[in-house]
Amino acid sequence: MVLAMGRSWWLNEMPHPAASEDILLIITSFLAATGISQNRWPQLLKTILLPLPLLLLQLSSSPWTPNPTAGRNQTTYLIGLLAIISICWLWSVSKSKLNMLFVSIPAFFCIFLLWHSQSRAGVIATAIALLAVKLREEHQKGAMLKFIPLAAILGISTILSLKFLRPSSVISLTGFDFISDMGRIDIQRCYLQLPFSGNNRFIYGIGYENSKNFCHQQVTSGILDHAHNIYIQLWANAGILGLFGLGICIYLLIDNWRKLEHGLDEFALRTGQAAFLYIFVQGFFDVSLIHWPITQVFTGILLAIPLSVNGLVTAPDRS
């Protein structure tokens, strides 16, 4: 499937701005990854970092995107996931100075690439996901109160740093970009109202293939045709049924994480939980997930970690 659809996935040729194929790819990848044995996840997650040297070879001036045909936000979405994997690996590695030095290299490069891409959504979602996982662990150890001041400092520093992320933009101290964000707010209002426009759209939405019914908003950088919020987009395209389906999926994932918490490798556990939170938070800032098929496949695979096969993979019994 990957080889046959290589051109469409890499060159961004799928239907847009939203299509039913997006959901199909995520669920298909999710179901396929549930067959992976839990003990194999640590090694698989580490191999995902192998393309980092290739990304560094393509580095250019800021704002940078390794694949211009897909767009900066879409590629930054993947870089954010790479940053989570590398930082969780560094977080879980043994205290050997040599090991920590070796693992810190990909973590440093991922953070640098994430910053160099100038994506506020990527920076914020990565910080929130990692801080949330760390806070939960400290709470379980009974040391949450000691960590809260440090978490607050890191959170505030991340928000304030956004002002220096793109010096040419009019970004406030809270991270709000007055040039681009007003256009996003306007088109989100339009999409929020679509299900109330009759024809049972409150129940079913306006559909995925009727692009003529989608909202369009003129901004300085061009014309917006999507909601820049995955949940508002789903509400408009699939109505209350779509939101209900998403709620079921989120509930099942959280429930499985609770059951699996003490039965998975520490590195895979932290990466899976942080990736889940990252994907969830990213949805509030953009719809990068539905713009590039490879992000949908990668997302489905990482979301499947709590439902993966329990136990070691062994040879079949032929007795």
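Hydrogens, waters and symmetry mates play no part in the numbers below; they use all other heavy atoms, side chains included.
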* Can you find a pair of side-chain heavy atoms, one from Asp286 and one from Ile230, that are under 4.5 Å apart? -> no

* **Nearest-0.5 Å distance that lies between atom CD1 in Ile79 and atom NE2 in His116** => 10.0 Å

* Say whether Ile26 and Phe244 are linked into one hydrophobic cluster, either directly or through other cluster members, by side-chain heavy-atom distances under 4.5 angstrom. => no

* Evaluate the side-chain proximity of Leu52 to Leu113: yes if any heavy-atom separation is below 4.5 Å, no if none is. => yes

* Asked: Is Ser92 reaching over with its side chain to a backbone N or O of Trp89, donor-acceptor style, under 3.5 angstrom?
  -> no

* Asked: When you look at Glu137 and Val133, which way does the side chain to side chain contact (heavy atoms under 4.5 Å, CB included) test go after all the steps?
  -> CA-CA 6 Å; Glu137 288 193 5; Val133 172; 4.3 Å; yes

* To do: Show which residues join Ile153 in its hydrophobic cluster (side-chain heavy-atom contacts under 4.5 Å, direct or indirect), or state none.
  => none

* Structure fact -> To the nearest 0.5 Å, atom SG of Cys110 lies from atom CD1 of Ile84 at 10.5 Å

* Asked: Can you check whether Tyr231 and Phe280 have ring centres sitting under 6.0 Å from each other?
  -> yes

* **Side chain proximity check, Leu253 to Phe30, heavy atoms < 4.5 angstrom** => yes

* **Nearest atoms (heavy-atom pairs only) where Ala304 meets Ala33** => CB-CB, 3.6 Å

* To do: Check Ile232, Ile206, Ile23 against Asn237 for a side chain to side chain contact (heavy atoms under 4.5 Å, CB included) and give me the one that passes.
  => Ile206

* Asked: Which pair of non-hydrogen atoms, one from Gly242 and one from Leu234, has the smallest distance, and what is that distance?
  -> O-CD2, 3.4 Å

* To do: Could you pull out the closest heavy-atom pair between Thr295 and Gln74, with the gap in Å?
  => CG2-O, 3.8 Å

* Would you kindly confirm whether Phe196 and Ile240 end up in one hydrophobic cluster when ILVMFWY residues are joined by side chain heavy atoms under 4.5 Å apart? => yes

* Donor-acceptor contact present, side-chain Ser119 to main-chain Gly122, <3.5 Å -> yes

* So, do Trp235 and Tyr204 have ring centers that fall under 6.0 Å from each other? -> no

* Between atom CZ of Phe202 and atom CG of Leu194, what is the distance when rounded to the nearest 0.5 Å? -> 13.5 Å

* Asked: Less than 4.5 Å apart, any side-chain heavy atom of Glu266 and any of Trp91?
  -> no

* Donor-acceptor under 3.5 Å (Asn256 side chain, Leu252 main chain) -> yes

* **Heavy-atom pair of closest approach, residues Trp257 and Gly272** => CZ2-C, 3.3 Å

* To do: Sort out for me which residue in Thr75, Leu78, Leu25 forms a side chain to side chain contact (heavy atoms under 4.5 Å, CB included) with Ile294.
  => Leu78

* To do: Classify the side-chain pair Asn229/Gln188 by whether it contains a donor and acceptor separated by less than 3.5 Å.
  => no

* Leu45 versus Cys88: any side-chain heavy-atom pair under 4.5 Å? -> no

* To do: Please check if the side chain of Asn99 supplies one atom and the backbone of Val93 the other of a donor-acceptor pair under 3.5 Å.
  => no

* I would like to know whether Leu44 and Ile48 meet side chain to side chain contact (heavy atoms under 4.5 Å, CB included); could you show each step before the answer? => CA-CA 7 Å; Leu44 288 174; Ile48 293 174; 5.8 Å; no

* Asked: So, are Asp186 and Arg189 salt-bridged, with charged N and O less than 4.0 Å apart?
  -> yes

* Asked: Distance from Gln296 atom CD to Ile301 atom CD1, nearest 0.5 Å?
  -> 12.0 Å

* Does any non-hydrogen side-chain atom of Gln273 lie less than 4.5 Å from one of Arg136? -> yes

* Compute the ring centroids of Tyr77 and Tyr278, then answer whether they are less than 6.0 Å apart. => yes

* How many angstroms lie between atom OG1 of Thr126 and atom CD1 of Ile87, to the nearest 0.5 angstrom? -> 7.0 Å

* Asked: Step by step, would you call Leu277 with Ile128 a side chain to side chain contact (heavy atoms under 4.5 Å, CB included)?
  -> CA-CA 8 Å; Leu277 291 171; Ile128 291 177; over 6 Å; no

* So with a 6.0 Å cut-off around CZ of Phe285, is the heavy-atom count from everything else above 12? -> yes

* Asked: To the nearest 0.5 Å, how far apart are CD1 in Ile187 and CD in Gln233?
  -> 8.0 Å

* Hydrophobic cluster identity match, Ile248 and Ile254, side-chain contacts under 4.5 Å -> no

* Asked: Are the side chain of Asp265 and the backbone N or O of Ala268 linked by a donor-acceptor pair below 3.5 Å?
  -> yes

* To do: Treat each ILVMFWY residue as a node, draw an edge where side-chain heavy atoms are under 4.5 Å apart, and state whether Leu24 and Leu31 are in one component.
  => no

* Mark yes when over 12 heavy atoms from residues, nucleotides or ligands other than Phe102 sit less than 6.0 Å from its CZ; otherwise mark no. => no

* Asked: For Ile85 and Phe267, what are the C-alpha separation, side-chain angles and deciding distance, and is it a side chain to side chain contact (heavy atoms under 4.5 Å, CB included)?
  -> CA-CA 9 Å; Ile85 294 172; Phe267 167 46; 4.1 Å; yes

